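Nothing here was measured: the structure is a model prediction, and the numbers come from that model.
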There are 2 protein chains.
Amino acid sequence: MKKTKKKIFHDFVTRKGLKSTRQRDVILDVFLSSERHMSIEELYLKLRAKHPNIGYATVYRTLKLFAESGIAREIQFGDGQTRYEHVAEGEHHDHLVCTRCGAIEEFENETIEKLQDEVAASHGFIIETHKLELYGQCAKCRKQ
Amino acid sequence: MKKTKKKIFHDFVTRKGLKSTRQRDVILDVFLSSERHMSIEELYLKLRAKHPNIGYATVYRTLKLFAESGIAREIQFGDGQTRYEHVAEGEHHDHLVCTRCGAIEEFENETIEKLQDEVAASHGFIIETHKLELYGQCAKCRKQ
DNA sequence: GCCATGTTTGAAAGTGATATTCATTAACAT
DNA sequence: ATGTTAATGAATATCACTTTCAAACATGGC
Ligand SMILES: [Mn+2]
Ligand SMILES: [Mn+2]
Ligand SMILES: [Zn+2]
Ligand SMILES: [Zn+2]
């Protein structure tokens with residue numbers, strides 16, 4: 001049985017001796033009910049609609065905690081904004097990014113991952129993480 | 001016969017109706033005589049040694065022009081600094097980045113590139129550019 | 001519950017990289 | 001040589017975050 005993200009985060013908070021606060025709960029709810037790849041500002045604006053008194057700094061700090069706890073991953077698509085996406089346990093994927101409309105699609109490719117390891121090995125490297133992003137025109141934008 | 005980077009940049013400047021200035025020449029010389037993957041600040045410091053009166057803003061502006069002209073490529077390794085690397089015509093490579101010492105190695109892998117196109121095609125995308133970076137420990141750092 | 005303690009919060013100020021402004025200077029066409 | 005336009009550099013602004021700090025809150029022990 002899989003632990004929910006709420007449970008994972010709560011356990012993380014307890015284990016680290018942190019406190020469970022109303023703000024963290026609310027931010028987690030908004031994050032979990034949002035589409036993937038949200039920028040911090042998007043999340044903040046969505047949050048502010050219902051909770052106008054939660055500060056920007058708290059959102060930043062809390063998203064960092066989400067990443068640390070393993071329920072979120074920080075991503076940068078080169079537009080100067082940090083985004084956070086949901087992380088499912090044991091899952092990994094890379095991204096296709098439309099340079100016109102900004103649409104983001106996800107993909108997994110085992111063969112590419114294997115080849116990356118081979119490349120790294122041939123240079124004496126051991127990979128810890130990697131970043132693979134394909135930028136181009138999505139199907140929709142191509143037809144317009 | 002290959003055009004030199006100086007020639008390429010000069011042609012670009014002419015074609016765009018820009019002006020050929022002492023500063024641009026000097027910055028180009030320093031860039032061309034530098035190792036790959038230099039941060040803007042590194043370049044500026046190197047430049048300042050011999051040309052203390054060239055402004056930071058001019059360096060930023062000129063490097064952007066280099067990228068636009070095709071002789072340089074902007075890269076981000078996630079350390080918050082933009083780097084510029086030399087671009088050889090028709091050549092492409094990706095990067096291995098050591099998370100300990102910052103060493104950067106380059107590689108090319110035709111198979112990975114092909115698979116990327118296939119992935120993109122299967123999502124209806126047409127790739128314009130891509131970014132593949134492998135982060136981990138280099139051979140040297142692993143032995144320490 | 002109530003208190004003591006350490007943590008978290010939000011507003012404001014700070015930071016660091018990059019971009020812009022604007023008066024002055026320099027390049028190029030005529 | 002002169003006029004036109006672009007480029008420069010110092011200063012200032014911007015943008016995305018990060019830090020600071022006093023006040024508010026969460027939690028464990030009584
Ligand atoms: Mn994703
Ligand atoms: Mn390179
Ligand atoms: Zn699109
Ligand atoms: Zn190393």
Side-chain angles (χ1 to χ4, degrees), chain A residues 6 9-31 37-69 72-84 102, chain B residues 9-31 37-69 72-84:
Chain A
K6 278 196 183 186
F9 183 65
H10 186 258
D11 289 355
F12 168 83
V13 162
T14 307
R15 177 158 33 87
K16 287 265 184 178
L18 307 175
K19 286 174 179 170
S20 177
T21 67
R22 202 184 59 79
Q23 287 89 334
R24 286 175 178 165
D25 289 348
V26 168
I27 295 171
L28 182 53
D29 280 340
V30 172
F31 176 67
H37 319 119
M38 275 208 123
S39 74
I40 302 178
E41 182 162 30
E42 281 164 359
L43 226 145
Y44 175 67
L45 291 176
K46 186 170 173 190
L47 183 75
R48 209 176 51 173
K50 291 216 168 180
H51 305 271
N53 38 356
I54 291 184
Y56 221 120
T58 302
V59 177
Y60 270 88
R61 291 187 276 232
T62 305
L63 286 172
K64 277 205 180 310
L65 285 181
F66 291 173
E68 215 186 318
S69 78
R73 181 162 66 127
E74 216 175 290
I75 38 178
Q76 314 256 153
F77 290 133
D79 63 349
Q81 302 240 128
T82 299
R83 285 161 195 283
Y84 283 86
Chain B
F9 183 63
H10 185 258
D11 288 356
F12 169 82
V13 163
T14 307
R15 178 159 32 87
K16 285 266 183 177
L18 307 176
K19 288 172 180 173
S20 177
T21 68
R22 203 184 60 79
Q23 287 88 336
R24 286 175 179 166
D25 288 347
V26 168
I27 296 171
L28 182 52
D29 280 340
V30 171
F31 176 66
H37 319 118
M38 274 207 124
S39 73
I40 301 178
E41 182 163 29
E42 280 163 1
L43 226 145
Y44 175 68
L45 292 176
K46 187 170 172 189
L47 183 74
R48 209 176 50 173
K50 292 216 168 184
H51 305 273
N53 37 359
I54 291 184
Y56 221 120
T58 302
V59 176
Y60 270 90
R61 291 188 277 230
T62 305
L63 286 172
K64 279 207 179 309
L65 285 181
F66 291 172
E68 215 186 318
S69 78
R73 180 161 68 128
E74 216 176 291
I75 37 179
Q76 313 257 157
F77 290 134
D79 62 350
Q81 302 241 126
T82 300
R83 285 160 197 282
Y84 283 87

Review point. Do the side chains of A:Ile54 and A:Arg48 get nearer than 4.5 Å, heavy atoms only?
Key: no
Review point. Tell me: CG of B:Asp25 to P of C:dA26, nearest whole Å?
Key: 15 Å
Review point. Considering heavy-atom distances to DNA chain C, does B:Arg83 or B:Ser20 have its closest nucleotide positioned more toward the 5' end?
Key: B:Arg83
Revision key, fill the gap. Those residues at least two apart in sequence (or on a different chain) that pass ring-ring contact (aromatic ring centres under 6.0 Å, His included) with A:Phe12 are none
Exercise for review: For A:Arg73, check side-chain hydrogen bond (donor to acceptor under 3.5 Å, both in side chains) against everything at least two apart and list the hits.
Suggested key: A:Glu85
Practice item. Produce a footprint string for nucleotides 6-18 of chain D: one letter per nucleotide, 5' end first; B if the base is under 4.0 Å from any protein heavy atom, S if only the sugar-phosphate is, - if neither. Key: SSBB------SBB
Check your understanding: Considering the terminal five base pairs at each end of the helix from C:dG1-D:dC30 to C:dT30-D:dA1, what angle separates the two local helix axes, rounded to 10°?
Key -> 30°
Practice item. Round to the nearest Å and state the distance from A:His10 atom NE2 to D:dT27 atom C1'. Key: 11 Å
Point to revise | Any residue meeting salt bridge (Lys or Arg N to Asp or Glu O under 4.0 Å) with A:Lys6, in chain and number order, not counting sequence neighbours | key: A:Asp29
Exercise for review: Could I get the full list of side-chain hydrogen bond (donor to acceptor under 3.5 Å, both in side chains) partners for B:Asp79, not counting sequence neighbours?
Suggested key: B:Arg83
Point to revise | Set of residues satisfying side-chain hydrogen bond (donor to acceptor under 3.5 Å, both in side chains) with respect to A:Gln81, sequence neighbours excluded | key: A:Ser39
Practice item. Report the residues that fulfil side-chain hydrogen bond (donor to acceptor under 3.5 Å, both in side chains) with A:Lys64, sequence neighbours left out, ordered by chain and then residue number. Key: none
Review point. Any side-chain hydrogen bond (donor to acceptor under 3.5 Å, both in side chains) pairs touching residues 9-22 of chain A, not counting sequence neighbours?
Key: A:Lys3-A:Asp11, A:Lys7-A:Asp11, A:Lys16-A:Glu68
